[in-house]
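All chains are named by letter (A, B, ...) in the order of the sequence lines, taking the proteins before the strands, and each is independently numbered beginning at 1.
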Amino acid sequence: MDLSGLNPPQHRAVTTTEGPLLVLAGAGSGKTRVITHRIAWLLAERVPARAILAVTFTNKAAAEMKERVVRLVGQHAQALTVCTFHAFGAEVLREHVHRLGWPRKFAIADTSDQISLIQRALRERSIDGRADFDPRRILGAISRAKNAGRAPLPAGDTPADWEIAAAEVFPLYQRALRAQGAVDFDDLLLLPLRLFREHPEVLGSYVRRFRYLLVDEFQDTNGAQLELVRQLAGERRNVCAVGDDDQCIYGWRGAEVRNILRFEEAFPGATEVRLEQNYRSVPAVLEAAHGVVSQLPERRPKKLWSATVGGPKVQLVVLPGEDEEAAHVARAIEQRLARGARPDDLAVLYRTNGQSRPFEEALRARGIAYEVVGGTEFFDRREVRDVLAYLKVLANPADEVSLLRIVNVPARGIGDVTVEHLVAQARSRGAPLADVLDAPASVPGLTPGAARAVQEFSDLIRRTRARLRTEPLSGVTRALLREVGFEAAARASTASASAAERRLQGVEGILASLEQFERREDRGSDLRSYLNRLSLDTREEEDGPSPARVTLLTLHGAKGLEFRTVFLVGLEEGFLPHGGMQGELQNLEEERRLCYVGITRAREELILTRAATRVRRGREVPRTPSRFLADIPAEVLEVSDTTAPPPGPPTEAEQGFFRNLKARLQGTPSPSA
DNA sequence: TGCAATATCATTTTT
DNA sequence: TGATATTGCA
């Protein structure tokens, strides 16, 4: 194993294989190199690949890590286990969840399922409809509580009403999940922990198998994940955690920066290695990054340093509005491509997915190929969710949420009243809703027409399930959608033909991904594993190498990536830091770290942009520059303000404006109000 | 029951 | 602004 390319701390991080090890890896400090070399080193030390478990944060990172190791040491690295915490949990549950009373073929509830369940629970308690009982907020509270290992409790002396509501809804939510034979994302971590507690022999089998553990992005682990690592490490404690407290950006999901500080608590006597030499960015970028991040209290003191000198300054471009901002970025990208830059060297980074649209339009207008990474909007489209609901019902008759979603989609004469009757009947009989649908004649209150429609619907589902046993998935799905007149209904429901086309494209996307899945899974491609895969990994699968494209992605999505040129856009209060009135300090710190992550993605060129005004909710509103801009040292920053007044004597109006401003600054009441 | 007009209302990040 | 919820009407 050749380690000659590593610096001394990197070398130590690679070769310290026994016992707990914490690697504090600053941005661009060669973290990925260390991880891949460490795995290669273990393999060279005759550790079998199947005894190594590496946990990453995203599926993409997992796939990349494995590929790099394979490239380094060859095909036998394929036997490594590299996955996300959630995927690992799902795998454990697939084998053992029946011991906890779930069906072997459990389903994973996605966010929209979760929301529906909570809405239903609210309705059941007759506390739905209140604006502050936002299901998403309640879901957040439930999720945080679950990860902290407790039920959501009303906090403090005067808990808000919605907190009480969350506590009340929680048991109903849990019961409903279980009744559907489903688990949520949090359960993918929590149920394995429970399993290990109640069945130590199961834990033992994993501890025996995985002799070396590696956790990437450790700063973003939450309590449950840390506990999982601790359990799996066993007595051996061969745990290598790699992370950077400055890059903790998932606090809202229960990640605890403190986990990094608590590593020593969890694993007393741990070795610590710091990687502080930066190999990625030019000095100006590093200075800017340091300016932003050094304002954080309570960080592990460290300063990245670089051996390189020179390079361009960081640019800040101020534009009048959001269209100009997008046009400017698109033009700058075009120039760089014309000068021979590779498209995949360029990236546009923003805080929220919603910000991507103007950039997409500007790039498309110039015929520049781009790729939007992440973004859930595809799965948020109604038609897509409808099709998925069909698939879920086919896979799992107990899935009431999906069943209720599609029972009258497209409209087939099963209206709200009929559905009420069916649900009431199911409840009073204590039977699954699907059973009631199978025998609608026995349901009181149904008109003959409604009963017939229900009968037809359940016959359809039954027939389709039968077909699935013998025919390929995608073909059956296509036939099903044709039979229910899905396409025609989608077309009819919208006024414009182009909107309908867009919707149907979403459906086509699902069918395409189904087909791809069938092609990939050589043996038995079953619907349930397709759905499970989909909920664990929403990124689109690619067929072989795709042409290089400019990347558009959120700051969260950019973590762990690097680009030669980075456009960090929308540097305005409200975007970065994000959020409105209540500027909670903790959130603010996380926003700052997010900004730091964005800056440090750039190798050579960092171009910051902001718009002076933006159209929000139909109104044009002035925007304030992000406070983080003030923390970038002036000597590394080059500002060009396209909204600045052209040079020349100030006009009468401007003179008046400045007189007013001056008066206000001096505390004198201004004459005009 | 189903459609269309009208009211309301939000605005993160992801496994 | 645009999407979704609700209401009213055929």
Side-chain angles (χ1 to χ4, degrees), chain A residues 55-62 83-90 108-111 114-115 119 128-129 131-132 134 136-137 139-140 143 147 183-190 217 220-222 224-225 248-255 322 349-358 373-377 379-382 408-420 446-447 449-450 453 489 492-495 499 532-539 553-559 570 574-581 587 590-591 593-595 597-598 614-621:
Chain A
V55 188
T56 61
F57 229 66
T58 64
N59 291 288
K60 191 175 172 196
C83 60
T84 65
F85 273 108
H86 291 87
F88 178 77
I108 300 172
D110 63 25
T111 309
Q114 294 178 286
I115 297 282
Q119 265 165 342
D128 57 317
D132 58 332
D134 174 15
R136 296 195 325 183
R137 187 196 223 176
L139 177 59
S143 173
N147 276 300
V183 304
D184 66 15
F185 284 120
D186 302 319
D187 290 333
L188 292 176
L189 307 173
L190 299 175
E217 309 285 10
D220 286 321
T221 55
N222 64 28
Q225 289 165 327
C248 176
I249 54 176
Y250 283 94
W252 51 276
R253 215 170 71 186
E322 87 182 353
L349 270 48
Y350 36 77
R351 174 66 234 271
T352 67
N353 282 305
Q355 288 169 264
S356 72
R357 197 181 285 171
V373 176
T376 51
E377 65 188 69
F379 293 94
D380 286 342
R381 285 193 231 169
R382 185 157 21 123
N408 199 32
V409 174
R412 53 171 70 88
I414 306 176
D416 295 346
V417 180
T418 307
V419 171
E420 287 286 306
L446 289 197
T447 63
S493 73
T494 57
N532 278 356
R533 165 97 75 104
L534 207 58
S535 45
L536 285 175
D537 185 5
T538 52
R539 86 206 141 93
L553 73 182
T554 64
L555 290 169
H556 286 90
K559 190 178 66 169
F575 273 149
L576 193 66
H578 188 274
M581 8 260 103
N587 295 339
E590 185 148 316
E591 296 295 311
R593 290 192 292 265
L594 210 41
C595 183
V597 167
R614 233 169 248 279
V615 178
R616 296 284 271 179
R617 230 188 290 177
R619 281 261 146 261
E620 181 170 279
V621 283

Just how far, in rounded Å, is P of B/dT1 from CD of A/Glu420? 10 Å
Do A/Arg351 and B/dT13 share a donor-acceptor pair, side chain to base, under 3.5 Å? yes
Taking atom C1' of B/dT15 as reference, at what distance in whole Å does atom CG of A/Asn532 sit? 13 Å
Interatomic distance where CZ belongs to A/Phe185 and C1' belongs to B/dT15 [whole Å]: 5 Å
A/His556 NE2 to B/dT12 C1': how many Å, rounded? 8 Å
Does the aromatic ring of A/His578 sit over the six-membered base ring of B/dT12, closer than 5.5 Å centre to centre and tilted less than 30°? yes
Taking only N and O in the side chain of A/Thr111, is any of them less than 4.0 Å away from OP1 or OP2 of B/dT15? no
If only side-chain N and O atoms of A/Asn353 are considered, is one of them under 4.0 Å from the OP1 or OP2 phosphate oxygen of B/dT13? yes
Those residues at least two apart in sequence (or on a different chain) that pass salt bridge (Lys or Arg N to Asp or Glu O under 4.0 Å) with A/Asp110 are A/Lys392
Which residues pass the ring pair (Phe, Tyr, Trp, His ring centres under 6.0 Å) test with A/Tyr250, not counting sequence neighbours? A/Phe57, A/Trp252, A/His556
Minimum-distance nucleotide to A/Thr58 side chain [options: B/dT12, B/dG2, B/dT15]: B/dT15
Rounding to an integer number of Å, can you tell me how far A/Gln114 CD sits from B/dT14 P? 15 Å
With A/Leu555, the side chain to side chain contact (heavy atoms under 4.5 Å, CB included) member among A/Thr352, A/Leu349, A/Val597: A/Leu349
Regarding A/Arg136, tell me which of base, sugar-phosphate or nothing describes its non-hydrogen contacts under 4.0 Å with the strands shown. sugar-phosphate
Starting from C1' on B/dT15, measure out to CD on A/Gln225 and report it in whole angstrom. 9 Å
If you check the A/Thr418 side chain, which of B/dT12, B/dT15, B/dT1 turns out closest? B/dT1
With nearest nucleotide decided by heavy atoms, which residue, A/Arg616 or A/Phe85, maps closer to the 5′ end of DNA chain B? A/Arg616
Between C/dT4 and B/dT13, how far apart are the two P atoms, rounded to whole Å? 16 Å
Donor-acceptor pair, side chain of A/Asn147 and main chain of A/Ala224, under 3.5 angstrom: no
Min side-chain heavy-atom separation A/Phe185-A/Thr111 under 4.5 Å: yes
note: A/Arg533, atom CZ; B/dT15, atom C1'; distance rounded to Å ~ 15 Å
A/Phe575 atom CZ is separated from B/dT12 atom P, nearest whole Å, by 11 Å
Are A/Asn222 and B/dT15 close enough that a side-chain N or O sits under 4.0 Å from OP1 or OP2? no
Considering every strand and a 4.0 Å limit on heavy-atom distances, what is the contact class for A/Asn408: base, sugar-phosphate, or nothing? sugar-phosphate
